[in-house]
Amino acid sequence: MNLRRLATATAGGVGLTELVNRTLAARADPLDPPLEGYQGTYRWRGFDVAYTEAGDPEAPDVLLLHGIHAAASNKEFDQIFKQLARKYHVIAPDLPGFGRSSRPPVDYTASLYTSFVVDFADDMTDDAICLASSLSGAYAVLAQVETGAFSQLELICPTDDAGARRGWLRTLVRSPLVGTALFNALASKRSIRRFNDRDGYFTEVSYTEKDVEFEWQTAHQPGARFAPASFVSGYLNPDADLGDELPRVDVPVTLVWGRDAKVTPLEDGQELADEGDTRLIVFDEARLLPHVEHPGPFLDVLFDELEPLELQ
């Protein structure tokens with residue numbers, strides 16, 4: 001192939017990629033709130049952080065922090081939010097860069113999210129119970145060690161996911177043309193279903209096509225690739241080790257695990273429970289999201305956990 005033909009083919013490929021990117025962006029609608037309640041905005045360091053609030057403001061506060069992945073949002077708690085709000089004052093933010101929160105092209109880091117948890121808890125809650133999932137569990141632990149913001153921690157498959165940080169990968173995913181195309185592939189409906197089937201859920205009946213559609217929509221909002229670019233390249237992994245930090249936490253901690261979890265195997269949970277001298281609750285036929293797969297039994301356990309705290 002001579003240079004002229006190569007240049008023509010390359011230009012055609014670039015043009016097709018740009019067309020596909022624009023077509024997918026045009027298919028994404030503004031997100032409706034997935035949780036019922038008061039829809040508020042918390043202004044923080046230039047971010048407009050969306051949150052949903054429900055329940056009696058005089059009841060004990062419960063802060064819900066969703067996990068982190070390409071299509072993350074506070075919809076993760078839609079199976080338990082309304083029931084929790086019957087007994088507690090519940091607040092569920094979309095973390096900066098996810099869901100209905102703004103997604104500017106800043107450098108997202110673990111320290112940014114830990115600082116967000118510290119500030120949001122301080123400004124929006126009072127001695128809250130914190131229920132945090134996946135990487136957010138690590139941020140909640142670090143926030144508690146730093147400020148003592150919470151009265152209790154309920155951590156669902158928490159991870160610190162230590163590993164090398166790959167600056168080249170973050171730069172690539174953040175790039176306008178190729179990065180957008182790569183992220184569109186990562187956040188395609190096929191990829192979302194594959195993640196759900198392989199890592200998220202024990203059985204495919206635990207989620208619906210409506211769930212997949214919402215995840216696709218949230219992963220195609222303007223700026224959606226910037227925070228996940230830091231996630232896939234390791235920049236959202238905290239420097240601290242959870243096994244070292246948990247013993248420093250001075251409030252009750254419970255770890256919740258799916259017996260068949262793959263991203264964070266049960267062996268990790270057992271080791272973490274031993275290191276932190278914490279209680280470990282295991283749900284059968286569950287993987288990364290036992291609170292989604294088994295909301296009724298999960299709430300039964302959670303209410304039993306929290307009742308002694310209410311009586312203090």
Side-chain angles (χ1 to χ4, degrees), residues 42 44-47 49 51 63-74 76 92-99 101-125 128 130-150 153-174 179 183 186 199 219 223-249 253 255 263-264 268-269 271-272 275-276 288:
Y42 173 71
W44 182 79
R45 297 190 184 181
F47 289 92
V49 176
Y51 66 89
L63 175 61
L64 304 179
L65 300 175
H66 64 76
I68 290 180
H69 52 83
S73 75
N74 65 7
E76 179 179 328
D94 281 321
L95 295 179
F98 293 98
S101 293
S102 57
R103 310 185 190 207
V106 302
D107 287 337
Y108 294 84
T109 64
S111 61
L112 180 142
Y113 284 108
T114 301
S115 295
F116 168 77
V117 173
V118 168
D119 291 344
F120 189 88
D122 183 57
D123 292 339
M124 301 296 293
T125 71
C130 183
L131 176 62
S133 175
S134 186
L135 264 176
S136 291
Y139 306 147
V141 168
L142 295 176
Q144 178 64 24
V145 170
E146 181 178 335
T147 66
F150 304 119
L153 294 177
E154 301 285 328
L155 308 178
I156 305 168
C157 295
T159 178
D160 49 20
D161 199 21
R165 292 173 180 168
R166 295 164 290 180
W168 65 268
L169 180 57
R170 182 170 67 171
T171 299
L172 181 63
V173 178
R174 287 172 61 94
F183 185 70
L186 176 67
D199 299 317
R225 72 187 185 279
F226 295 124
S230 289
F231 172 57
V232 299
S233 57
Y235 283 87
L236 300 192
N237 303 331
D239 293 325
D241 182 273
L242 271 179
D244 295 333
E245 296 299 323
L246 270 180
R248 302 176 60 194
V249 173
V253 178
L255 303 177
V263 175
T264 51
D268 293 354
E271 181 179 351
L272 194 58
E275 292 174 330
L288 190 62

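Nothing here was measured: the structure is a model prediction, and the numbers come from that model.
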Does some side-chain heavy atom of Pro238 sit less than 4.5 Å from a side-chain heavy atom of Leu142?
yes
Correct closest heavy-atom pair for Ala227 and Gly97 would be CB-O, 3.8 Å
Shortest non-hydrogen separation from Ala70 to Leu186 and the atoms involved:
CB-CD2, 4.3 Å
Not counting sequence neighbours, which residues clear side-chain contact (heavy atoms from CB on, under 4.5 Å) with Asp199? List them please.
Phe195, Lys262, Val263
Not counting sequence neighbours, which residues clear side-chain hydrogen bond (donor to acceptor under 3.5 Å, both in side chains) with Thr109? List them please.
Ser111
In the structure I gave you, are the side-chain heavy atoms of Phe98 and Ile68 within less than 4.5 Å of one another anywhere?
yes
Using every non-hydrogen atom in the two residues, find where Pro228 and Phe183 come nearest and quote the distance to one decimal.
CB-CE1, 3.6 Å
Looking at residues at least two apart in the chain, or sitting in another chain, which of them share a side-chain contact (heavy atoms from CB on, under 4.5 Å) with Asp244?
Asp241
Taken in chain and number order and not counting sequence neighbours, the residues that satisfy salt bridge (Lys or Arg N to Asp or Glu O under 4.0 Å) with Asp123 are none
Applying ring pair (Phe, Tyr, Trp, His ring centres under 6.0 Å) between Tyr42 and each of Phe47, Tyr51, Phe120, report the one that passes.
Phe120
Pair Leu64, Asn74 - check side chain to side chain contact (heavy atoms under 4.5 Å, CB included), show working.
CA-CA 8 Å; Leu64 304 179; Asn74 65 7; over 6 Å; no
My understanding is that only residues two or more places apart in sequence, or in another chain, count here; which of them pass side-chain contact (heavy atoms from CB on, under 4.5 Å) with Ala121?
Leu63, Thr125, Ala149, Phe150
Which pairs with one or both residues in residues 223-239 pass salt bridge (Lys or Arg N to Asp or Glu O under 4.0 Å), sequence neighbours excluded?
Arg165-Asp239
Qualifying salt bridge (Lys or Arg N to Asp or Glu O under 4.0 Å) pairs, either residue in residues 132-147, two or more places apart:
none
All side-chain hydrogen bond (donor to acceptor under 3.5 Å, both in side chains) counterparts of Asp268, not counting sequence neighbours
none
For residues 131-141, which side-chain N or O atoms pair as donor and acceptor with protein atoms under 3.5 Å away, sequence neighbours left out?
residue	atom	partner	partner atom	Å
Ser133	OG	Glu76	OE2	2.8
Ser136	OG	His66	O	2.6
Tyr139	OH	Leu236	O	2.6

Determine the minimum heavy-atom distance between Gly243 and Leu272, stating which atoms define it.
N-CD1, 3.6 Å
Side-chain contact, heavy-atom cut-off 4.5 Å: Tyr108 with Tyr113?
yes
Short question: side chain of Arg174, backbone of Pro105 - any donor-acceptor pair under 3.5 Å?
yes
Partners of Leu169 by side-chain contact (heavy atoms from CB on, under 4.5 Å), sequence neighbours excluded?
Arg166, Val173, Val232, Ser233
For Arg103, which residues count as a side-chain hydrogen bond (donor to acceptor under 3.5 Å, both in side chains) partner, sequence neighbours excluded?
Thr218
Student check: side-chain heavy atoms of Asp160 and Asn237 closer than 4.5 Å
no
Do Leu246 and Glu275 have side-chain heavy atoms sitting under 4.5 Å apart?
no
Can you tell if the side chain of Ser115 reaches within under 4.5 Å of the side chain of Trp44, non-hydrogen atoms only?
yes
Residue list, side-chain hydrogen bond (donor to acceptor under 3.5 Å, both in side chains) with Arg45, at least two apart or on another chain
none
Residue pair Pro96 / Ser101: nearest heavy atoms and the distance that separates them
CA-CB, 4.3 Å
So, taking the atom named NE2 in His69 and the one named CG in Leu288, what distance separates them when rounded to the nearest 0.5 Å?
8.0 Å
